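Working notes, structure below.
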Amino acid sequence: MSHKNILAKHNIQLWPKDKIEAFRKRLLNWYDQNKRDLPWRRTSNPYYIWVSEIMLQQTQVDTVIPYYNRFIKTLPTIHDLAQASEETLLKLWEGLGYYSRVRNMKTAAIQIVEKHEGVFPRDKKDVLALKGIGPYTAGAVTSIAFNQAEPAVDGNVMRVMSRLFEIELDIGKASSRKVFEALIYELIDPDRPGDFNQALMDLGATICTPNNYFPETSPVKEFNASYINETWERYPIKKSTKKVKNFTYYTLAIKNERGEHLFEKRPSKGVLAGMWTYLMIDADDLPNEKWKSFENQSDESLIEDLENLALEMYGVKIKLNKQLKGQVSHIFSHLKWNLLVYEGDVVTEGVGIKETTWIHPESFDSIAFPVPTQKVRKLLTEITLF
DNA sequence: TACACGTGGGA
DNA sequence: TTCCCAAGTGT
């Protein structure tokens, strides 16, 4: 189906040619005067553009900037990325979240070395074939780095377009994206496609925002149907989200006589895949139903149950401090961890079902810990007042 | 198609 | 507190 047919099917009335050209001029003129000075806008190196786009996925600009600068300084070429160790990469990514992004980037870098002689491909099909690059990122890199007229439809672009054209599609649905892409194919400036895409995103990030949107301040308000019709509060259409699920873990911070701490490796799939945490025992795995609530934390048989489970799961005989050290909570996008932290010492080491390792605090700086682990570490180093 | 996948910030 | 948001992709 052609772009115009897709638009017609969804009752999106495309502008006449002269209006499209006027829109391009207005938008790009505003961008030229108001664009944000960002590190990845000072380069046309496709590798750097790519790094920035991966980091910016679901992540705010201010958060990304220091990570981006450190990353390209440490790994200045695709070859460096392809050869970097996973530990190096995770350390560079520590605290950014969505850690599969950087693992996928290494896979893609190896793809580029093997299939494209280490040169970032220009053909959109080849770009899309790279691990971790989907329709948005492929469009962003090819338009920004190579000046190709490809759409880069993210949340900003869908919000801006929904308001300009009073689009009724739910922007939360995966199927909606291709309709917005069809629209951008018709609107995009063939001479400055990368700037056009970035202008739309800047507009969405600074003026046409989710909250505090005042359309009269927009440089393209005359093109905005929802402004003209005073319907902007309706757009974009977005269904409400689901509630997060709660999980409670008894978290054991175990030390040995060398001062090392015991960590377990998360499974290779799922939340924080392959990352290190303190020992986490699911409250649902405890034999007594009453431990699933937050009460009874001083009961001595709880400590005994935890010590027995630690022996089963991690192979270590431990002696726990009966006093609850404290609680840590961490909210993910779709779930919440409540960690009940106990300290203890190892009596006898052994091998259990789960992969574990001893790490000395002097080595903490060279290992990537996810934020929940950092929060527990912080709790352990706080001075107890009584 | 819908859901899993991190984290921090703002209302 | 609670909710939503922020330059999405893989499965």
Side-chain angles (χ1 to χ4, degrees), chain A residues 35-36 38-41 48-68 90 93-105 107-108 127-141 143-145 151-160 170-178 180-181 184 194 196-206 208-213 236 238-247 266-275 277 329-337 368-375:
Chain A
K35 70 177 173 185
R36 292 172 291 174
L38 303 171
W40 46 90
R41 287 184 175 166
Y48 296 162
I49 308 287
W50 172 39
V51 171
S52 73
E53 291 298 341
I54 299 295
M55 287 186 171
L56 285 161
Q57 290 171 3
Q58 302 290 284
T59 309
Q60 296 183 339
V61 166
D62 290 343
T63 302
V64 165
I65 290 172
Y67 283 90
Y68 168 84
L90 287 173
W93 215 262
E94 181 183 43
L96 252 193
Y98 288 147
Y99 298 96
S100 65
R101 288 185 292 178
V102 72
R103 292 177 171 132
N104 288 340
M105 271 212 297
T107 302
V127 176
L128 261 176
L130 299 171
K131 189 92 174 188
I133 295 191
Y136 164 75
T137 305
V141 177
S143 68
I144 296 169
V153 173
D154 69 340
N156 284 313
V157 173
M158 288 195 281
R159 181 173 59 256
V160 170
D170 179 357
I171 65 168
K173 290 191 72 174
S175 57
S176 300
R177 198 204 65 251
K178 66 182 191 309
F180 288 93
E181 285 178 348
I184 297 299
F196 182 90
N197 284 335
Q198 293 186 89
L200 244 28
M201 290 189 273
D202 261 23
L203 188 65
T206 63
C208 190
T209 58
N211 308 313
N212 305 318
Y213 173 49
K238 193 170 187 180
K239 296 258 178 69
S240 60
T241 56
K242 299 144 300 238
K243 265 193 69 176
V244 306
K245 286 177 81 174
N246 273 277
F247 295 86
R266 304 271 313 155
S268 59
K269 294 193 187 304
V271 178
L272 299 176
M275 310 282 290
T277 66
S329 79
H330 187 76
I331 301 166
F332 298 85
S333 50
H334 56 302
L335 52 88
K336 180 178 177 182
W337 281 1
F369 290 114
V371 170
T373 303
Q374 294 177 26
K375 287 179 177 174

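In what follows, chains carry the letters A, B, and so on, assigned in the order in which the sequence lines appear, proteins first and then strands, with residues in each chain numbered from 1. These numbers were taken from a predicted model, which means no experiment stands behind them.
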Query raised in the report: How far, in whole Å, is B:dG6 from C:dT11 if one measures between their P atoms?
Result: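 Pairwise P distance, C:dT11 against B:dG6, rounds to 14 Å.
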Query - Separation between the P atoms of C:dA6 and B:dC5, rounded to whole Å - result: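 That atom pair is separated by 23 Å.
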Classify [X] by what it touches in the nucleic acid, base, sugar-phosphate, or nothing, heavy-atom distance under 4.0 Å.
X: A:Arg41; result: base
X: A:Ser175; result: sugar-phosphate
X: A:Trp40; result: base
X: A:Val157; result: nothing
X: A:Gly204; result: nothing
X: A:Arg103; result: nothing
X: A:Leu38; result: base

Query - A:Ile331 vs A:Thr209, nearer the 5' end of DNA chain C by closest nucleotide - result: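 First, find each residue's nearest nucleotide; the 5'-ward one identifies A:Ile331.
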Does [X] use its side chain to pair, donor to acceptor, with the backbone of [Y] at less than 3.5 Å?
X: A:Thr209; Y: A:Thr206; value: no
X: A:Ser52; Y: A:Ile49; value: yes
X: A:Arg159; Y: A:Cys208; value: yes
X: A:Ser176; Y: A:Ile171; value: no

Query raised in the report: So which one's nearest nucleotide on DNA chain B is more toward 5', A:Lys375 or A:Ala174?
Result: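 Between the two, 5'-proximity favours A:Ala174.
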**Report entry** Comparing A:His330 and A:Lys242 on DNA chain B - which has the more 5′ nearest nucleotide
**Finding:**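 So the residue in question is A:Lys242.
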Query raised in the report: Who are the side chain to side chain donor-acceptor pair (under 3.5 Å) partners of A:Gln58, not counting sequence neighbours?
Result: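 Partners of A:Gln58 by the side chain to side chain donor-acceptor pair (under 3.5 Å) criterion come out as none, since no residue qualifies.
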Query - Trace of the side-chain contact (heavy atoms from CB on, under 4.5 Å) decision for A:Phe247 with A:Val271 - result: CA-CA 12 Å; A:Phe247 295 86; A:Val271 178; over 6 Å; no
Query raised in the report: Nucleotide range of DNA chain B contacted by chain A, 5' to 3', under 4.0 Å to a heavy atom?
Result: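 Contacts span B:dT1 to B:dG9, reading 5' to 3'.
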Requested in this report: Apply side-chain contact (heavy atoms from CB on, under 4.5 Å) to A:Tyr67 and A:Thr59, showing your working.
Outcome: CA-CA 11 Å; A:Tyr67 283 90; A:Thr59 309; over 6 Å; no
Query - Audit row: A:Arg266, A:Thr373, side-chain hydrogen bond (donor to acceptor under 3.5 Å, both in side chains) steps and yes/no - result: CA-CA 12 Å; A:Arg266 304 271 313 155; A:Thr373 303; over 6 Å; no
Pairwise N/O distances under 3.5 Å, protein to nucleotides 8-11 of chain C:
| from | atom 1 | to | atom 2 | distance (Å) |
| --- | --- | --- | --- | --- |
| C:dG8 | OP2 | A:Gln58 | N | 2.5 |
| C:dG8 | OP2 | A:Gln58 | NE2 | 2.8 |
| C:dT9 | OP1 | A:Gly134 | N | 2.8 |
| C:dT9 | OP1 | A:Gly134 | O | 3.3 |
| C:dT9 | OP1 | A:Thr137 | N | 3.0 |
| C:dT9 | OP1 | A:Thr137 | OG1 | 2.9 |
| C:dT9 | OP2 | A:Tyr136 | N | 3.4 |
| C:dG10 | OP1 | A:Gly132 | N | 2.3 |

Report task. Could you tell me whether the side chains of A:Gln57 and A:Tyr136 share a donor-acceptor contact shorter than 3.5 Å? Result ->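 A:Tyr136 and A:Gln57 do not have a side-chain donor-acceptor pair below 3.5 Å.
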Query - Between P of C:dC4 and NZ of A:Lys239, the distance in whole Å - result: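 To the nearest whole Å, that distance equals 15 Å.
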